[in-house]
Every structure is written in C-alpha cells, then in structure tokens.
**Q** 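Could you have a look at this structure, given as structure tokens, before my questions?
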Amino acid sequence: MIKKVVLSNTVKKQLAKLPVYIADKLQDWIDSVEKESLEMVRKIRGYHDEPLKGKLKGYYSIRLNKGYRAYYRIIHDRILFVLVERIDKHEY
C-alpha cells in the first residue's frame, strides 16, 4: 500500500506557476492516495488514471482538468511511494 507521494523538483517549480485550482486538484489526489490508497483513488473516474504506452511506458497519468495531466510512476516492486514526475499542458 502506498503511503507517501513525493513531488519532483520540476513539479514543485511548475506548481508555483500553474493556476491554483490545478495545484489544489493535484493536492486533493495526493491527500486521497495517502489517506485511502492508490487502488481506491484509481477507481475515481474523474481522474482518468491510466498507464501510458510508448516512450512513457511505466508511467501513469491522471487528469487534473481537461487541459492538464500529472504523470507519475510507482517506485520499487513493493510500491513504497508514488513519484509525480511532471505536469504539462495536454494538447487535444
């Protein structure tokens, strides 16, 4: 069970420049993962938590809104924590 979510330095810098409601949505996701579990939060349809393919294979993404996604990966086979790798503007 995942108990800790760690933000990379890149994400910390990006959060300072993003709209507050985007940062709040990511914080809500983090709080939910740490309180409940990643498995439970993945069931929340609004996040669209999904594994990625291609060059981002091994990563997962969640939707913070229609335009922004957060990318993360699970570290260690025991799944000790989640590391949010980056947030970017998702082009449609």
Side-chain angles (χ1 to χ4, degrees):
M1 178 184 286
I2 294 173
K3 293 287 186 185
K4 184 72 177 162
V5 175
V6 178
L7 299 177
S8 68
N9 289 334
T10 300
V11 170
K12 290 176 185 176
K13 290 176 186 175
Q14 288 174 321
L15 286 175
K17 298 176 183 176
L18 291 174
V20 174
Y21 68 94
I22 297 295
D24 288 347
K25 180 92 179 226
L26 180 60
Q27 189 60 54
D28 289 345
W29 183 86
I30 291 169
D31 293 344
S32 295
V33 167
E34 291 180 343
K35 182 179 176 185
E36 303 294 327
S37 72
L38 180 60
E39 293 75 21
M40 293 300 292
V41 177
R42 282 184 171 162
K43 294 177 184 179
I44 300 172
R45 294 178 55 173
Y47 287 117
H48 299 275
D49 192 319
E50 57 193 5
L52 301 175
K53 299 177 184 175
K55 65 181 180 181
L56 292 176
K57 185 176 182 179
Y59 288 80
Y60 296 82
S61 73
I62 59 169
R63 286 191 193 162
L64 300 175
N65 77 354
K66 191 172 181 179
Y68 288 91
R69 291 184 181 203
Y71 300 90
Y72 70 92
R73 62 185 172 141
I74 299 170
I75 306 297
H76 302 299
D77 292 338
R78 291 181 172 179
I79 308 177
L80 298 175
F81 58 91
V82 173
L83 176 65
V84 177
E85 288 290 339
R86 68 180 181 196
I87 298 172
D88 64 10
K89 183 81 170 151
H90 183 73
E91 299 295 329
Y92 283 91

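In what follows, residues are counted from 1 in the order of the sequence shown.
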**Q** So if you build clusters from Ile, Leu, Val, Met, Phe, Trp, Tyr with side-chain heavy-atom gaps below 4.5 Å, do I44 and I62 land together?
**A**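 Per the 4.5 Å side-chain linkage, I44 and I62 are co-clustered.
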
**Q** Mind checking whether Y68 and K25 have side chains closer than 4.5 Å, heavy atoms only?
**A**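 Y68 does not reach K25 side chain to side chain.
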
**Q** With a 4.5 Å cut-off on side-chain heavy atoms, are R69 and E50 touching?
**A**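 Yes; the side chains approach each other to less than 4.5 Å.
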
**Q** Rounded to the nearest 0.5 Å, what separates atom CG in D24 from atom CG in L18?
**A**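 Rounded to the nearest 0.5 Å, the CG-CG separation comes to 11.0 Å.
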
**Q** From the options L38, L26, V33, select the one residue that forms a side-chain contact (heavy atoms from CB on, under 4.5 Å) with V5.
**A**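 Single side-chain contact (heavy atoms from CB on, under 4.5 Å) partner of V5 among L38, L26, V33: V33.
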
**Q** When hydrophobic residues are tied together by side-chain contacts of less than 4.5 Å, even through go-betweens, does L7 share a cluster with V20?
**A**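 No: no chain of side-chain contacts under 4.5 Å links L7 to V20.
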
**Q** Find the distance between NZ (K13) and OG (S8) and round it off to the nearest 0.5 Å.
**A**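 Going from the NZ atom of K13 to the OG atom of S8 covers 9.5 Å.
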
**Q** Just by distance, no angles: are the side chains of D49 and Y72 close enough, under 3.5 Å, to form a donor-acceptor pair?
**A**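 Checked: D49/Y72 side chains pair up, N/O donor to acceptor below 3.5 Å.
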
